[in-house]
J.: 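Provided herewith is a single structure, encoded as structure tokens, for subsequent inquiry.
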Amino acid sequence: MADGRLLALEGIEKGYPGVRALQGVSLHLDRGEVLGLIGENGAGKSTLMRVLGGVVRPDAGVIRIDGVARPSLTVAAAQAAGIAFVHQELSMFDNMDVAANVLIGRERLQGGPLRLVDRAACRALTAPLLERLGADFGPSTPVAALSIAQRQLVEIARALSVNARIIIMDEPTSSLTLAETERLLAIVESLRQDGVAIIFITHRLGEVKSCADRVVCLRDGEVAGELAREEIERPAMIRLMIGRDLSSLYTPPARAPGAGGLELRDLVTSAFPDRAASLHARPGEILGLAGLIGAGRTSLARAVFGIEPALSGAILLDGGAVRIASPRDAIARGLYLVPEDRKQSGLVLGMSITQNVTLPALWQHSRSFLISSGSEARAGEAQRKALRIKAPAASVAAGTLSGGNQQKVVLGRWLALSPRVMLFDEPTRGVDVGAKGEIYGLMRGLADRGVAVLMISSDMEEVLGVSDRIAVMHEGRVEGVLERAQFSEAAVIDLAVGARIAA
């Protein structure tokens with residue numbers, strides 16, 4: 001065993017009926033090391049971490065902790081070895097305080113026959129953990145009062161409370177702002193300096209470059225390659241993940257934009273009641289809408305789709321003013337929204353792919369007010385195949401799909417209705433690189449069919465790579481529109497902070 005070696009996984013195999021989830025996977029982790037684990041959805045990352053956490057028993061292979069070989073772990077054995085998880089979907093009890101959540105199942109008890117929870121002792125144990133993480137809240141703070149970023153700190157404090165030596169962070173920044181992400185990465189660095197080893201799983205490759213000492217990439221259940229610290233660059237990581245360069249994901253326009261489309265004239269929303277926004281998304285183009293978080297982009301899209309009222313201004317479709325008071329009005333005019341939060345606003349997770357796809361147009365699959373299950377099933381299966389949604393059948397629940405495939409289901413719902421205008425709000429958030437390429441292709445295909453596409457994105461590389469033009473918002477107003485010849489990160493940032501360009 002190499003000096004300082006804490007963990008080694010050797011030849012890990014795991015199969016399910018018809019699927020080889022892991023095929024001879026080997027990796028190692030040293031004390032005080034941050035290992036970036038990357039790969040597309042379905043590459044085997046989650047299965048490998050379940051093996052390490054004792055949730056899944058491998059079919060073959062060896063797990064070495066401190067040089068001691070074991071064929072598998074139990075959950076209890078993993079915890080005893082100092083392995084802890086910080087999950088993407090935070091597991092908190094909102095009706096309890098921070099200390100109770102940190103020490104859940106391990107509470108300190110008072111003496112006496114009743115053996116009540118000693119809340120003072122629990123808070124005393126939790127306080128130094130929060131101080132170590134630089135938390136701006138105390139152990140008695142109700143979890144219901146915390147932000148997402150603060151809840152992440154509670155999860156990390158919980159891991160530290162069991163003296164974790166290995167912390168597995170699964171998409172820890174997916175719901176954080178840029179400032180919150182920077183704070184979390186600073187905490188990762190602090191933990192690394194304290195000798196804690198971290199496996200950092202994320203689709204945000206810029207974060208991997210910022211914090212990882214090494215990168216291991218999984219593809220189709222196998223190790224596709226490894227990068228040393230000096231080799232960690234975004235193009236190299238993407239090549240490992242998908243086997244080709246990022247530039248291949250972006251497709252140029254096949255037609256010149258037409259007249260008409262979606263035009264907003266001095267539209268005022270509740271987010272910025274003293275500011276007006278104007279823009280024009282033309283048929284046959286992808287208009288990127290960039291800006292800092294809080295600039296009013298999502299509020300603008302929600303007003304256009306009728307989710308929230310526009311306080312003043314005009315919405316025009318193909319040159320004619322329209323009144324959109326509700327999503328029903330928008331849908332009736334062929335104007336559709338793929339929302340930012342697909343799980344909360346875009347899908348009914350317990351329903352099947354078919355039911356989600358056909359939900360806005362049940363009238364197309366009904367006779368005498370009765371829904372034809374056969375017609376519905378055919379429509380769902382057609383979209384599953386057309387969009388290459390990775391599921392054995394359209395009867396599968398949408399909640400079981402990966403992020404990229406869930407996004408395709410949302411898109412498939414609207415494609416069946418012949419859109420005139422498509423609004424995409426953060427279309428690839430939480431989606432792996434390969435799925436991003438497919439979504440970009442679908443967006444370009446819509447534009448090539450003459451649909452006006454408005455894409456809101458906080459991913460600078462995405463905005464520059466996918467857009468035909470870029471409108472940039474600042475505090476509720478469009479500060480300027482960049483033509484492709486003007487594209488640069490500096491130009492977008494200048495407008496995003498309020499440096500308007502002359503018309």
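Residue numbers start at 1 and run along the sequence shown. In this text the structure is predicted, and so the values were computed from the model without any measurement.
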J.: Is there a side-chain contact between I456 and E340 (heavy atoms, below 4.5 Å)?
T.: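 No, too far: nothing below the 4.5 Å cut-off.
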J.: Are L184 and P172 close enough that some pair of their side-chain heavy atoms sits under 4.5 Å apart?
T.: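 When only atoms from C-beta onward are counted, P172 and L184 do touch, with a gap below 4.5 Å.
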J.: Compare all side-chain heavy atoms of I63 with those of I12 and state whether any distance is below 4.5 angstrom.
T.: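 Yes - at least one pair of side-chain heavy atoms lies under 4.5 Å apart.
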J.: I would like to know whether V143 and M96 meet side-chain contact (heavy atoms from CB on, under 4.5 Å); could you show each step before the answer?
T.: CA-CA 6 Å; V143 164; M96 300 167 68; 5.8 Å; no
J.: Determine yes or no for a side-chain-to-main-chain donor-acceptor pair under 3.5 angstrom, with R57 supplying the side chain and V55 the backbone.
T.: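 Checked: no pair found.
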J.: May I ask you to check whether over 12 heavy atoms, not counting those of R388, lie within 6.0 Å of atom CZ?
T.: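 Counting other residues, nucleotides and ligands, CZ of R388 stays at 12 neighbours or fewer.
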J.: Is the number of heavy atoms from other residues, nucleotides or ligands within 6.0 Å of CD (E131) greater than 12?
T.: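 Open: at most 12 neighbouring heavy atoms sit under 6.0 Å from CD of E131.
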J.: Show the numbers, then the answer: is there a side-chain contact (heavy atoms from CB on, under 4.5 Å) between T126 and D97?
T.: CA-CA 11 Å; T126 304; D97 65 18; over 6 Å; no
J.: Main chain of E33, side chain of D213: is a donor-acceptor contact present, judged purely on distance under 3.5 Å?
T.: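 Checking the backbone N and O of E33 against the side chain of D213, no donor-acceptor pair under 3.5 Å is found.
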J.: Evaluate Q407 against T428 for side chain to side chain donor-acceptor pair (under 3.5 Å), listing each step before the verdict.
T.: CA-CA 8 Å; Q407 196 75 313; T428 63; over 6 Å; no
J.: Any chance you could measure Q152, atom CD, to L133, atom CG, to the nearest 0.5 Å?
T.: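 Answer rounded to 0.5 Å: 11.5 Å.
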J.: So how far is it from M455 CE to R297 CZ, rounded to the nearest 0.5 Å?
T.: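 Reported to 0.5 Å precision, the distance equals 10.0 Å.
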J.: Can any side-chain N or O of R444 pair as donor or acceptor with the backbone N or O of I286 at less than 3.5 Å?
T.: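 Looks like no, no N/O pair under 3.5 Å.
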J.: Please give me the minimum heavy-atom distance between C211 and V188, naming the atom from each residue.
T.: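 Minimum heavy-atom contact is CB-CG1, 4.4 Å.
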J.: I'd like to know whether CZ of R119 has more than 12 heavy-atom contacts from other residues, nucleotides or ligands below 6.0 angstrom.
T.: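 Counting neighbours around CZ of R119, 12 or fewer heavy atoms of other residues, nucleotides or ligands fall under 6.0 Å, so no.
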J.: Drop me the distance from I232's CD1 to E226's CD, to the nearest 0.5 angstrom.
T.: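 Interatomic distance, I232 CD1 to E226 CD, rounded to 0.5 Å: 9.5 Å.
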J.: Within a strict 4.5 Å, meaning less than it, do heavy atoms of the R31 and D66 side chains meet?
T.: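 Side chain of R31 against side chain of D66, heavy atoms only: contact under 4.5 Å found.
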J.: Judged by atom type as modelled, is there a donor-acceptor pair below 3.5 Å linking the side chain of D170 to the main-chain atoms of I201?
T.: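 Side chain of D170 to backbone of I201: no pair is present.
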J.: Given side-chain contact (heavy atoms from CB on, under 4.5 Å), test Y336 with V451 step by step and report yes or no.
T.: CA-CA 11 Å; Y336 310 136; V451 177; over 6 Å; no
J.: Do R192 and E189 pass the salt bridge (charged side-chain N to carboxylate O under 4.0 Å, His left out) test, and can you show the C-alpha distance, the side-chain angles, and the key distance before you say yes or no?
T.: CA-CA 5 Å; R192 187 185 70 79; E189 173 60 20; 2.7 Å; yes
J.: Quick check against the 3.5 Å criterion: does E13 have a side-chain atom that pairs as donor or acceptor with the backbone of G24?
T.: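 Pair found, side chain donor or acceptor close to backbone of G24.
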J.: If you define the side chain from C-beta out and look only at heavy atoms, does anything of M49 sit under 4.5 Å from I199?
T.: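 SC-SC contact between M49 and I199 confirmed.
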J.: So does E489 have more than 12 non-hydrogen atoms from other groups sitting under 6.0 Å from CD?
T.: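 Incorrect, the count does not exceed 12.
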J.: Run the numbers on R123 and S140 for side chain to side chain donor-acceptor pair (under 3.5 Å), then give the verdict.
T.: CA-CA 7 Å; R123 290 168 180 169; S140 61; 5.0 Å; no
J.: Should the pair W414 and F305 be assigned to parallel (<30°), tilted (30 to 60°) or perpendicular (>60°) ring geometry?
T.: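 The rings of W414 and F305 stand perpendicular, inter-plane angle above 60°.
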J.: Please find the pair of heavy atoms, one from L125 and one from L129, that lie closest to each other, and give the distance.
T.: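 Scanning both residues completely, I find the closest heavy atoms to be O-CG, 3.8 Å.
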J.: For the pair D425 (side chain) and T298 (backbone), establish whether a donor and an acceptor sit closer than 3.5 Å, ignoring hydrogens and angles.
T.: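 Checking the backbone N and O of T298 against the side chain of D425, no donor-acceptor pair under 3.5 Å is found.
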J.: Does some side-chain heavy atom of I156 sit less than 4.5 Å from a side-chain heavy atom of M169?
T.: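 With C-beta onward as the side chain, the pair touches.
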J.: Are more than 12 heavy atoms from other residues, nucleotides or ligands located less than 6.0 Å from atom CG of D448?
T.: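 For D448, atom CG is crowded (more than 12 foreign heavy atoms under 6.0 Å).
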J.: Does the distance from a Lys or Arg side-chain N to an Asp or Glu carboxylate O, for R384 and E381, drop under 4.0 Å?
T.: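 Looking at E381 together with R384, the answer is yes, because their closest N to O distance falls below 4.0 Å.
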J.: For M92, does its backbone N or O pair with a side-chain atom of R151 as donor and acceptor, under 3.5 Å?
T.: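 Judged by distance alone, no pair lies under 3.5 Å.
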J.: Kindly give the heavy-atom pair with the smallest separation between V223 and S26, and that separation in Å.
T.: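 So the two residues come closest at CG2-O, 3.7 Å.
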J.: Keeping Q406 on the side-chain end and A398 on the backbone end, is there a donor-acceptor pair under 3.5 Å?
T.: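 Indeed, once roles are kept as given, a pair shorter than 3.5 Å links the two residues.
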J.: Give me the atom names and distance for the closest heavy-atom approach of V162 to A84.
T.: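 Distance-wise, the nearest heavy atoms are CG2-CB, 4.5 Å.
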J.: Hey, what do you get for OG (S46) to CG (L37), rounding to the nearest 0.5 Å?
T.: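 With rounding to 0.5 Å, OG (S46) is 9.0 Å from CG (L37).
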J.: Is any side-chain heavy atom of E462 closer than 4.5 Å to one of P427?
T.: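 P427 reaches E462 side chain to side chain.
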J.: At their closest point, which heavy atom of I168 faces which heavy atom of I83, and how far apart are they?
T.: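 Closest approach of I168 to I83: CD1-CG2, 4.0 Å.
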J.: Where is the tightest heavy-atom contact between H203 and K45, given as atom of each residue plus distance?
T.: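 H203 and K45 have their closest heavy atoms at CE1-NZ, 4.2 Å.
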J.: Given the rule in the side-chain contact (heavy atoms from CB on, under 4.5 Å) test, do L411 and I439 qualify, once you have shown the distances and angles that lead to the verdict?
T.: CA-CA 9 Å; L411 183 53; I439 291 171; 5.5 Å; no
J.: Got a second to check how far L191's CG is from L160's CG, nearest 0.5 Å?
T.: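 Here the rounded value is 5.5 Å.
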J.: Nearest 0.5 Å please: distance from the CG atom of L240 over to the CG atom of L218.
T.: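 Between L240 CG and L218 CG, I get 10.5 Å after rounding to 0.5 Å.
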J.: Looking at Y440, is K436 sitting on its ring face, NZ or CZ under 6.0 Å from the six-membered ring centre and within 45 degrees of the normal?
T.: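 Ring-cation test returns no.
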J.: Please walk me through it: do K209 and E233 pass salt bridge (charged side-chain N to carboxylate O under 4.0 Å, His left out)?
T.: CA-CA 6 Å; K209 178 175 170 58; E233 297 291 345; 3.1 Å; yes
J.: I'd like to check H28 versus D30 (side-chain heavy atoms, cut-off strictly below 4.5 Å). Are they in contact?
T.: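 Yes, their side chains come closer than 4.5 Å.
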